[in-house]
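Structure record follows, encoded as structure tokens.
Atom set for the values below is all heavy atoms of this structure, side chains included, hydrogens, waters and symmetry mates excluded.
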Amino acid sequence: MDAATLAALIMFGGAIFLLILGAPISISIGLPSFVAMVSILPMAGAMTTAAQRMFTGLDSFALLAIPFFILAGNIMNNGGIAIRLINCSRIVTGYFPGALAQTNVVSNMLFGSISGSGVASAAAIGGIMNPIQEKEGYNSAFRTAVNIASAPTGMLIPPSNTLIVYATVAGSVSISALFMGGYLPGLLWGGGVMLMAGVMAYRRGYMSKHVLSGSERVRLFIDAIPSLSLVVVVIGGILAGIFTPTEASAIAVVYSLALGFIYKALKVEQLPTILLSTAKLTAIVIFMIAASSVMSWVMAFTHIPGAIADTLLSLTDNPIIILLIINVVLLFVGTFMDPTPAVLIFTPIFLPICVNLGMDPVQFGILLVFNLSLGTITPPVGPILFTGCKISDIKIDHVIKTLLPFFAVIFMVLMAVTYIPAISMTLPKMMGLVN
């Protein structure tokens, strides 16, 4: 057995075994990777190399954006921003069938784009919208399914921590280009959910009972302007070259903190809890990145990605079939693995294949994150699925049937993103971020 095969068996077999045992993802990645490294290097060399790779993997200015965006999202959850975005969404969705469900979708897109977290969106927006929809007679499975199906859009619409992680792993990929590339796929995802929600709401007779007057629309829009301006400040500043994505993340923290105090929804006493929660989540993400750096080194040293590429290309040389296989693998992986470790593991495997097929790294990054975002709403792991069901106090098996039409629409959008490069590449090219 050659070194590449032995290392692959140790890493992937060990990772699956530890995950089944319930070990933390970072341990499930890091420990088998170190054992694989020992199989190809002396113990002293393996220990030194592993330590160096973990340090080097974290030695990135771009990674500083992750804790700041996590902190900004936690502040927004407690800062009165969600309710203002919901009220602003009502301006757009008031005339549509199932107006409250449509408001839920638009609110998730807005809040997710600001907080960068699908779970935070499902909890914050769902927590507010659920009782309102219940009073209007919306079925619990329907309102839960709409909230769950639309919450992951914030993982594509910038700023997105998952895209930042991908840019770090992929190497010379512009974070700004990825941010721009995520807009249209994220909007198409949300638009598809809105279309399906409208059809289902029309059939169920969920029509709006209160249409906002002109003065109400103006008042709600003005009230939401400071919250909406956060996106303009962060993304506009990055595109204008005023500050980097990392600096933008720090500005997002200051801005959201100021809004929380201005709205009088955030208290000083809450800050220690918010900071502690941010530190815990940041430690988890950062340690996963460090552990995956060891795995990436072993794969590069033993040429595992090349071997996987050769195996895949030996099955077929049809680019359409190859991309379909990659999608199926990523969709399967997303059902049981969080997006961050999945990005860390599968970027070095599939990125070279897709680049050889002529796909731009920006488009592949969007395809990768899209697949893994879909995994957050599918069992058995599905953190957004579980969060949405918990918020609505409903069992998962009561929601899955209602979710199926949404899955179908989202999958169609995924296929469009896979085979139509313009969806991901138009905005980055217009902005001059890619050639």
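Minimum heavy-atom separation, Phe406 to Ala197: CE2-N, 3.7 Å. Residues Ile238 and Pro245 share a closest heavy-atom pair of CD1-CA, 3.8 Å. Taking all atoms of both residues into account, the shortest heavy-atom contact from Val234 to Phe243 is O-CE1, 3.5 Å. Residues Ile289 and Ile66 come closest through the heavy atom pair CD1-CD1, 4.2 Å. In this structure, Ala342 and Val333 approach most closely via the heavy-atom pair CB-CG1, 4.0 Å. Minimum heavy-atom separation, Ala101 to Phe142: CB-CE2, 3.8 Å.
Put simply, CG on Leu259 and CG on Leu230 are 7.0 Å apart, with the number rounded to the nearest 0.5 Å. Distance OG1/Thr402 to CE/Met200: 5.5 Å, rounded to 0.5 Å. Taking CZ of Arg84 as the start and CG of Leu110 as the end, the distance is 14.5 Å to the nearest 0.5 Å. Atom OG in Ser227 sits 7.5 Å away from atom OH in Tyr255 (nearest 0.5 Å). We find the OG-CE distance between Ser150 and Met196 to be 14.0 Å, quoted to the nearest 0.5 Å. Interatomic distance, Ile132 CD1 to Ile86 CD1, rounded to the nearest 0.5 Å: 6.0 Å.
Among pairs with a residue in residues 340-361, none fulfils side chain to side chain donor-acceptor pair (under 3.5 Å), at least two apart in sequence or across chains. Pairs passing the side chain to side chain donor-acceptor pair (under 3.5 Å) check and including a residue from residues 406-429, sequence neighbours excluded, read Asn327-Thr418. Residue pairs meeting the side chain to side chain donor-acceptor pair (under 3.5 Å) criterion with at least one member in residues 61-71, sequence neighbours excluded, do not occur.
Using a 4.5 Å heavy-atom threshold, the side chains of Val328 and Phe332 count as separate. The side-chain heavy atoms of Met359 and Pro421, taken from C-beta on, include no pair separated by under 4.5 Å. You'll find the side chain of Tyr263 reaches within 4.5 Å of the side chain of Pro226, heavy atoms only. Residues Pro339 and Thr376 form a side-chain contact, since some pair of their non-hydrogen atoms from C-beta on lies under 4.5 Å apart. Under the 4.5 Å side-chain criterion, counting only non-hydrogen atoms from C-beta, Phe407 is in contact with Leu404.
Side chain of Ser229 to backbone of Val232: no donor-acceptor contact under 3.5 angstrom is found. Using a distance-only test at 3.5 Å, with no hydrogens or angles considered, no donor-acceptor pair links the side chain of Gln133 to the main chain of Arg143. At distances below 3.5 Å, at least one donor-acceptor pair connects side-chain atoms of Asn108 with backbone N or O atoms of Asn147.
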Kindly list each side-chain donor-acceptor pair under 3.5 angstrom involving residues 174-190, sequence neighbours excluded, with atom names and distances?
unit_1: Ser174; atom_1: OG; unit_2: Ser176; atom_2: N; d: 3.3
unit_1: Ser174; atom_1: OG; unit_2: Ala177; atom_2: N; d: 3.1
unit_1: Trp189; atom_1: NE1; unit_2: Ala149; atom_2: O; d: 2.8

Anything under 3.5 Å between a donor and an acceptor, one on a side chain of residues 163-170, the other on a protein residue two or more places apart or in another chain? List them.
unit_1: Tyr166; atom_1: OH; unit_2: Pro361; atom_2: O; d: 2.7
unit_1: Thr168; atom_1: OG1; unit_2: Ile164; atom_2: O; d: 3.0

Return a table of donor-acceptor pairs under 3.5 angstrom between the side chains of residues 26-46 and protein atoms on other chains or two or more places apart.
unit_1: Ser28; atom_1: OG; unit_2: Pro24; atom_2: O; d: 3.0
unit_1: Ser33; atom_1: OG; unit_2: Ile29; atom_2: O; d: 2.6
unit_1: Ser39; atom_1: OG; unit_2: Ala36; atom_2: O; d: 2.5

Throw together a table of side-chain donor-acceptor distances under 3.5 angstrom for residues 382-397, partners on residues two or more places apart or in other chains.
unit_1: Thr387; atom_1: OG1; unit_2: Pro383; atom_2: O; d: 2.7
unit_1: Ser392; atom_1: OG; unit_2: Asn130; atom_2: OD1; d: 3.2
unit_1: Ser392; atom_1: OG; unit_2: Thr144; atom_2: OG1; d: 2.8
unit_1: Ser392; atom_1: OG; unit_2: Gly388; atom_2: O; d: 3.4

Per-pair distances, 0.1 Å, donor-acceptor, side chain in residues 410-417, under 3.5 Å, sequence neighbours excluded:
none

Identify each donor-acceptor pair in which a side-chain atom of residues 265-287 lies under 3.5 Å from a protein atom, sequence neighbours left out, and give them as a table.
unit_1: Gln270; atom_1: OE1; unit_2: Lys267; atom_2: N; d: 2.7
unit_1: Thr278; atom_1: OG1; unit_2: Asn74; atom_2: ND2; d: 2.8
unit_1: Thr278; atom_1: OG1; unit_2: Ile274; atom_2: O; d: 2.9
unit_1: Thr282; atom_1: OG1; unit_2: Thr278; atom_2: O; d: 2.7

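Residue-environment remark: CZ (Phe55) stays at or below the threshold of 12 foreign heavy atoms within 6.0 Å.
For Asn318, the side-chain contact (heavy atoms from CB on, under 4.5 Å) test picks out Thr316, Ile320, Ile321, with sequence neighbours left out. With sequence neighbours left out, Phe350 forms a side-chain contact (heavy atoms from CB on, under 4.5 Å) with Ile326, Val329, Leu330, Phe346, Ile353, Phe364. Residues satisfying the ring-ring contact (aromatic ring centres under 6.0 Å, His included) criterion with Phe17, sequence neighbours excluded, are absent altogether.
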Original post:
Checking side chain to side chain contact (heavy atoms under 4.5 Å, CB included) for the pair Leu156/Val369: CA distance, chi angles, key distance, verdict?
Top reply: CA-CA 7 Å; Leu156 286 166; Val369 174; 3.9 Å; yes

